[in-house]
Structure formats: C-alpha cells, structure tokens
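Whatever order the structure lists them in is the order used to number ligands and atoms, beginning at 1. Note that this is a predicted model, so its numbers are computed, not measured.
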Amino acid sequence: MNALRSALRSALAAMSAGAIALYASAASAGDPFAFEWTELDKGVWAGVRPVSYNSPPTGSALIVIGKKGVFLFDPAGTPLVGERVAAKVAELTDLPVTHIAVSHWHGDHSMGMHKVLEKYPNAEVITHEFTARAIQSPLNSFTPPTDDDVKATRERIETALRTGMRSNGQPVLPEMRPYYENVLAHLDLTTAELRGLKPITPTKTMTDAMTIDLGGRKVELRHMGPGNTNGDIIAYLPKEKILATGDIVVSPTPYGFYSHPASWVNVLTQLKSLPARHIVPGHGAIMTDTAYFDALIEALSFVAAEVDRLAAEGKTLEETRAALDWTAVEQRVTGGDPLLAVFFDGWFKTPIVEAEYKIATGQDSEDLSAPAPQP
Ligand SMILES: [Zn+2]
C-alpha cells in the first residue's frame, strides 16, 4: 500500500512538472494545428500536439506503413491537419493510404479528412456502425462561426485578459493567460479551419473487431463497448505493441461529452490488459504505461456510483452537481494544478455528470436525435 501511495505521489509530481513545462511552451508553441511527430517503431508514426488543450481541440494521428499500403487512425481534425498528415505520409513513403479508421464521431478527429482523400482517393474509410449513424445525426450538427461570432469571441477574450475576469465571473488565472493569448494569436487561422470542416462518409463499418493486413504488418481495430461514445474503436498493433485509444484516453484531463461512465470503466480495464509499449491517446502526450488509466477509472467509477446514488434519492441534476464532492478525484487527475482544474471542470465534470444523470434516470446519454447545443 505504501509502495502504491509513493508511486502515486511520484506520478502526480511528474504530472505537475509536465504541466509546468506545458505552460512554458503554450505561449511559444506553433499554430494550434501543428503536430510533433514521433516514430514509435519502424514505419509507425504518431502525430501529437505539444499542448493538447490548445483551442480548438484536434485529435492525435497515427500513421502505420506496411509493405502494401498505409493505414491512418484519426487522420485529421481540420483541413490543415489533413494536408499536413497527407504530406507526412508522402514524405515517408511512395505507398498510398489504403485504409483510414476513425475512433469515434466527434469531428475533431475526422472533419479535415477530405484533404487526405484528395491525395489518396481510394482509401477505405472505416468506422463503427454507431459512428457512421452519429455522423449523419442531428447531434453532429455544426454551424461554422460567423463574422459576428468571431468578433464576440475576440472581444470576450480581450476583455478577460484586460480585466482579469472571465465572462462566467471566474478570475483569469495567471496560468490561463498563455492559453487565451494563443487563442487570440491564431483566431483568424482557427476560424478559416472551422469554416472548412466537412463530415466524413464511411465506406465500411464494423461492430466488434476487424484486422487490417498492410503486408508484413497487422492493425487490429476493436470496439470494447460504449465508453467516451457508443461507437469507440481502438487501433492496436499486436507485434509492435502500440495502442491508439481515441478519446477513451485523453490527457492531461479527460473529455466527458455524452459518455457512458460505467461501461467506460470496463473498456479501460480491458485496454489495460493489452500489452503496450507506446500508447497514443486521443489528445495528449504519448504514454509508456497505463498509470493514467487508473486515474480515469477512479474518476469514472466515482461519477457512475455517486450520480446514481444521488439520482436514486430523487435529486435534480443541479442538486446532484451541488452534492458531489470531487476533492479526491480532482486531486488524483489534476494533481492540484489550477489550470488543469479549469479544463477538468469544463470538459469533464460538467458534461459527464449530465451524461450519467441521464443514464441514471433512464434516458439516453448520447441521443442522436437531439441537436447539439452550438457554442
Ligand atoms: Zn477528441
């Protein structure tokens, strides 16, 4: 037990040190669509953003080169990412992209794929069957920002930086300034990218498992149950022991929109049993072990148990939010880091409680017929 506690403390210290390094690089990082590329094994490359929470979110990409063709996992959240991923493939090999798989329906993993398909038009586009339906659904409706939207965003951020207060009445933490400054610096580029997003059209769907043979190299696609979404799939290279998780794993803090907490715990537990030397999360730095999975399991188990208990007592959603004591779980995930606490609150606590409350009260946490609220 003491060994476990001490391991946890070291992990938290390391996470904190990592967060400080992130602050330092947040202001000076390139545009928000720039990847850092790492060769995980010969011919297997991961593209990951140096500051995963920079706005707008865009998922990590995996390139796997075989003897016959190239496989891409989550190739492009925006058109510029798509152009860059296609250029990276062309730089690495003359072989064409033959297969593309998308981890789940959220557009930040696929809505720039048309730029990859311009260069590699014959690639098979594979998703889970739920994902294919979700992409066409009202829940995936998206309105590009108008000039007025962009102006309002610029004014809101400039005001926050000038007054030190966010529009929700919370103070602007010193650690948030690089994040806001980065949004302002790239607002025109981001707007152009958001206006260029296109939903994908899958050419093949799967349910539980599929194996792709690239010639001398195999990629396994697996769906292990509902988690971050109902149609999550992971990509796994059994020989090379490389795992790409999509948003089942997102660091430094998770996303929890329309999710399925109890089942997600089960998925993470299954993933932990896959031997993996390199783990590429949907967003965030490449991992070499599953220590962070345990923090996610704790957070999701807490939500599933506590929200169910409070809902069973007849509490409303707002009463449930107010009654939850996140202290231990938040410390576990954020290490007490104030900037990470802001993201943990907005991208996990708020949406995941609503999702579990829906499940606990017999509703669908991911109702495809309900249009998504527009920002
Ligand atoms: Zn994502």
Give a yes or no on whether a salt bridge exists between Arg332 and Asp294, defined as a side-chain N under 4.0 angstrom from a carboxylate O. no

Please list, in chain and residue-number order, the protein N/O/S atoms closer than 2.8 Å to the Zn ion (ligand 1). Asp108 OD2, His109 NE2, Asp247 OD2, His283 NE2

Is it true that Leu40 and Val249 fall in one hydrophobic cluster, defined by side-chain heavy atoms closer than 4.5 Å? no

Decide if atom NZ of Lys198 counts as having more than 12 heavy atoms of other residues, nucleotides or ligands within a radius under 6.0 Å. no

What pairs with Lys358 under salt bridge (charged side-chain N to carboxylate O under 4.0 Å, His left out), at least two apart in sequence or on another chain? Glu354

side-chain hydrogen bond (donor to acceptor under 3.5 Å, both in side chains) pairs, two or more places apart, involving residues 338-348: none

For Ala370, check side-chain contact (heavy atoms from CB on, under 4.5 Å) against everything at least two apart and list the hits. Asp367

